[in-house]
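Working notes, beginning with the structure itself.
Naming convention: chains lettered A, B, ... in sequence-line order (proteins, then strands); numbering from 1 in each chain.
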2 protein chains.
Amino acid sequence: MVRDTKGKIIASAANVAVTRGVQNMTMDAVAEEAGISKGAVFYHFDSKHDLLLSMVQALTDVTDSTIADVQSKDTEPGSWLRGFLKASLTNTTEDLGPVGRLSVAFLTAAANDTSLLEPMNRRQPAWREAINQSGLDPVQAQIIRLAADGLWINDVMGVPVLDAAERTAVIERLQAMTREKAKPDQKGNQA
Amino acid sequence: MVRDTKGKIIASAANVAVTRGVQNMTMDAVAEEAGISKGAVFYHFDSKHDLLLSMVQALTDVTDSTIADVQSKDTEPGSWLRGFLKASLTNTTEDLGPVGRLSVAFLTAAANDTSLLEPMNRRQPAWREAINQSGLDPVQAQIIRLAADGLWINDVMGVPVLDAAERTAVIERLQAMTREKAKPDQKGNQA
DNA sequence: TTTACTAAACTGACTGGTCAGTATAGTTTT
DNA sequence: AAAACTATACTGACCAGTCAGTTTAGTAAA
């Protein structure tokens, strides 16, 4: 691939989804945004379904590589979760970064057809494993991950769940929680 | 309203979204599902946009009334969050209940047009207030809510984040967390 | 007489997908 | 070195199908 047109199309599609709204993410709009013809888009992707699938794949790839990046410099317990937090929260509500743009595409995919989430679903067993092996109490670790998901989805949808101060406090607390070692028995319900 | 046709249409629309897929939630399909004519659907709703808006409104109404129901029998600190947890988690992954169906519609709305989330966005300040006044440490309270959101969205999308045992453990832990009073200083980062 | 519909035909705009043909760069043949 | 050929990348016009929304004419009940 001399000129990475495929990558450009994916980025353009994500961009259209954010700027013009997901309902306007037509193949024509994607082509226009990428500065190529519609035919060229179909040259690279068999169908819109195929494009959407690639976008979801791109999101999981970005997430995985962010985590790997963090873990290459942080081998303490909980590093996987710190990577996951970083990947989920790189986007502020306005002015979404590349990950945020892809996230919107992810939502699109989910809404249009759940089967498009295959690339994401395929990563779940590995992620669950990573979370359970993170060195933290597994239940607490899952909760951290779910809270990150919750914050992320609300961001992507533009639902104002938290104000700026609350947001900062929540993120700091989640980060602090990734540094709490497993406590053998806190409330009497440890298996 | 002698025969609650409006309600029936909303329920039917949610049903179509779940059973036939969101992309097939056409006005014709909704009418057919409700067992009425397309004209009747347009008699009650000015447009599809209007119907979607009503579906999101219905979801927030169901959530609010579930919370109110729980709080009428539970006045301990954290009762709001226990109500919210109940509202979010009434649905198992398969076999969605009414709330789960509406949730899918919510996703649809979000994906098609963020402005459709207005009814949901309007409730956020009140929910934030309720969380902050819940009697728990506010940051922890927000995290519980976000984790519930995270579990909910993954359920709705059908992403297998947790296996059955993990799921049970996480829900129990979240419920336990709603009973933990605010600890003045646990880790040294309380304002 | 107003409210709440049914039934069915129709329109107008949009959108995913197709396809014949063109451009470019590199490779083999003569 | 020129000619012939190949693979890849892309253009741009076109189309068949879909769907929200409209219209019309009529029915049933309170």
List, with names and distances, any nitrogen or oxygen atoms from the protein found under 3.5 Å away from nitrogen or oxygen atoms belonging to nucleotides 14-21 of chain D.
{"from": "dA20(D)", "atom 1": "OP1", "to": "K48(B)", "atom 2": "NZ", "distance (Å)": "2.8"}
{"from": "dA20(D)", "atom 1": "OP2", "to": "M27(B)", "atom 2": "N", "distance (Å)": "3.0"}
{"from": "dG21(D)", "atom 1": "OP2", "to": "K48(B)", "atom 2": "N", "distance (Å)": "2.6"}
{"from": "dG21(D)", "atom 1": "N7", "to": "K38(B)", "atom 2": "NZ", "distance (Å)": "2.8"}
{"from": "dG21(D)", "atom 1": "O6", "to": "K38(B)", "atom 2": "NZ", "distance (Å)": "2.7"}

*Point-to-point distance, once rounded to the nearest 0.5 Å, from CH2 of W152(A) to CE of M157(A)*: 8.5 Å
*Are E32(B) and R20(B) within salt-bridge range, i.e. N to O under 4.0 Å?*
yes
*Who passes salt bridge (Lys or Arg N to Asp or Glu O under 4.0 Å) against R128(A), sequence neighbours left out?*
D163(B), E166(B)
_Separation of atom CD1 in I9(A) from atom P in dA9(D), rounded to whole Å_ = 11 Å
*Does OP1 or OP2 of dA4(C) have a side-chain N or O of Y43(B) closer than 4.0 Å?*
yes
*To the nearest Å, how far apart are E32(A) CD and dT11(D) C1'?*
16 Å
*Would you give the length of the straight line joining atom CZ of F42(B) to atom CE of M27(B), rounded to the nearest 0.5 angstrom?*
4.0 Å
*Could you check R167(B) against D155(B) for salt bridge (Lys or Arg N to Asp or Glu O under 4.0 Å), going step by step and ending with a plain yes or no?*
CA-CA 11 Å; R167(B) 187 189 175 82; D155(B) 278 349; 2.9 Å; yes
*When the distance from CD1 of I36(A) to P of dA23(C) is rounded to whole Å, what number comes out?*
18 Å
*Any side-chain donor paired with an acceptor under 3.5 Å for R82(A) and T178(A)?*
yes
*Short side-chain N/O contact from T5(B) to OP1 or OP2 of dC5(C), under 4.0 Å*: yes
*Taking only the side-chain nitrogens and oxygens of H44(B), find out if one of them lies under 4.0 Å from OP1 or OP2 of dC5(C).*
yes
